[in-house]
Amino acid sequence: MIEVRSLYKSFDDFQALKNVNITVPEASVYGIVGPNGSGKTTLIKHIVGILMPDQGSIKINGRPVFDNPEVKKTVAYVPDDIYFFPQANMQDMIKFYQSVYPDFNLERFEKLVPLFPLNQRIPIRRFSRGMKKHVAFMLALSIMPDFLILDEPMDGLDPVARRKVWSLIFQDVAERNSSVFVSSHNLRELEDVCDHVGIMHKGEIVLERSLDEMQSNIFKLQMAFSNPPPAFTGLEILAEHKTGSVIQLVVRGEKDTILNEANKMEPLMIDLLPLSLEEIFIHELGGLDYEITSTII
Amino acid sequence: MINIISIDLKNPKPIFEQVKDGFKNLIICGVLSSEEKIPSVREMAQELAINPNTIQKAYRELEAEGYVYQVVGKGTFVAPVVPLENQARIDELILEIEDLARELIYLGVAKPDIISILDKL
């Protein structure tokens with residue numbers, strides 16, 4: 001379990017993190033979303049113990065992470081800007097990882113080689129961006145991590161590689177109860193893979209929920225009426241939109257209650273759909289800076 | 001075996017429901033027979049590249065609805081008889097039949113024809 005409690009961090013007079021509280025339960029996949037510059041990477045660098053907080057605490061399985069090799073042994077980190085030693089090839093990096101991570105599992109690494117066929121003898125700097133990510137994942141998974149911290153992990157990967165990587169990560173979650181903390185600016189992508197989601201905005205966590213909770217209490221209700229529609233009493237409506245004779249409502253509540261209430265109005269047609277994460281975000285938070293303002297240049 | 005369940009990421013239906021409905025269909029059609037073992041959470045997660053917690057949730061709901069049962073340490077198996085006490089689901093399906101029949105009538109299919117289709121089942 002990863003626990004971040006009232007974390008504050010500023011760089012000069014820029015407040016990068018403000019009172020951040022998150023909990024990543026064991027064997028869960030936690031996604032953190034937010035626009036560019038909202039503090040995702042800064043938060044991640046605190047979780048892996050690279051940055052020291054101004055205030056607050058970060059604990060992994062109850063123990064502080066900063067300057068704590070015992071804890072860091074269990075944490076694999078795939079940063080957004082991956083670093084390998086200049087001139088190092090994969091064999092050199094394996095040797096380095098073995099010297100730092102005592103649990104490095106060479107057998108597992110060898111199993112991953114056929115999945116990501118790369119020339120192990122040439123310097124990694126000659127690889128493409130995506131191939132460097134492959135190497136980073138192979139190394140990260142080989143240290144047998146209890147915690148996988150991934151910063152924009154799928155950037156630069158093709159769809160086939162993405163699927164391979166997620167499949168490997170999910171095996172670790174299922175089998176070894178690893179926890180995954182993953183950042184992205186793409187809500188759509190996180191929705192398919194995460195079971196917990198936190199939304200960051202300007203250095204703060206504005207929403208933290210399990211996807212189950214989110215999907216079970218906000219719905220999109222579509223109805224059509226032959227007569228002018230009745231007043232929608234008895235429903236908690238967050239938004240209303242009308243196209244021709246079809247009325248689209250965003251409603252909060254239990255599925256059955258909503259359907260009962262809606263059926264009482266005798267609509268011609270009725271459709272109740274769960275909201276996508278993106279839609280929830282827009283309705284819960286008014287979209288904050290996610291609103292698209294168009295500028296003509 | 002695992003690939004008979006297909007996940008459509010563009011479908012607004014949550015993934016766990018797609019997994020759940022996929023298995024239900026296989027069980028109802030008889031593709032999965034009773035007492036047959038269904039893939040483990042881990043196998044499913046690996047094959048479909050889906051969060052194991054999502055699959056776990058689908059399995060839990062299938063168990064709650066009586067389609068499968070879990071044996072600790074052994075796996076998940078198709079339950080012998082699909083129970084009839086699941087009134088909520090029955091009501092839901094009846095509503096769907098009504099909708100479909102209404103559409104057929106609207107499209108010009110005569111009522112007796114629809115009834116004869118049902119008789120054939």
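Quick note on labels: first sequence line is chain A, next is B, and so on, each numbered from 1.
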From [X] [atom1] over to [Y] [atom2], what is the distance, rounded to the nearest 0.5 angstrom?
{"X": "B/L95", "Y": "A/I270", "atom1": "CG", "atom2": "CD1", "result": "10.0 Å"}
{"X": "A/K164", "Y": "B/Q46", "atom1": "NZ", "atom2": "CD", "result": "13.0 Å"}
{"X": "A/R176", "Y": "B/R42", "atom1": "CZ", "atom2": "CZ", "result": "11.5 Å"}
{"X": "B/E92", "Y": "A/L259", "atom1": "CD", "atom2": "CG", "result": "8.5 Å"}

May I ask you to check whether over 12 heavy atoms, not counting those of [X], lie within 6.0 Å of atom [atom1]?
{"X": "B/E98", "atom1": "CD", "result": "yes"}
{"X": "A/M269", "atom1": "CE", "result": "yes"}
{"X": "B/E103", "atom1": "CD", "result": "no"}

Problem set entry | Selection from B/D99, B/I50, B/T54 maximising heavy-atom pairs under 4.5 Å formed with chain A |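 Option with the top pair count is B/I50.
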Problem set entry | Nearest non-hydrogen partners of A/D192 and B/I15, listed with the distance |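 Taking A/D192 first and B/I15 second, the nearest heavy atoms are O-CD1, 3.6 Å.
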For this session: Look only at the side chain of A/D195 and the backbone of B/N53, and say whether a donor-acceptor pair between them is shorter than 3.5 Å.
Result: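 Such a contact is absent between A/D195 side chain and B/N53 backbone.
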For this session: Keeping the roles fixed (side chain from A/S167, backbone from B/A49), state whether a donor-acceptor pair exists under 3.5 Å.
Result: no
Problem set entry | chain B contact via A/V173 - which portion, at a heavy-atom distance below 4.5 Å |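 A/V173 touches chain B through backbone and side-chain heavy atoms alike.
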Exercise. Is any side-chain heavy atom of B/N51 less than 4.5 Å from a side-chain heavy atom of A/V193?
Worked result: no
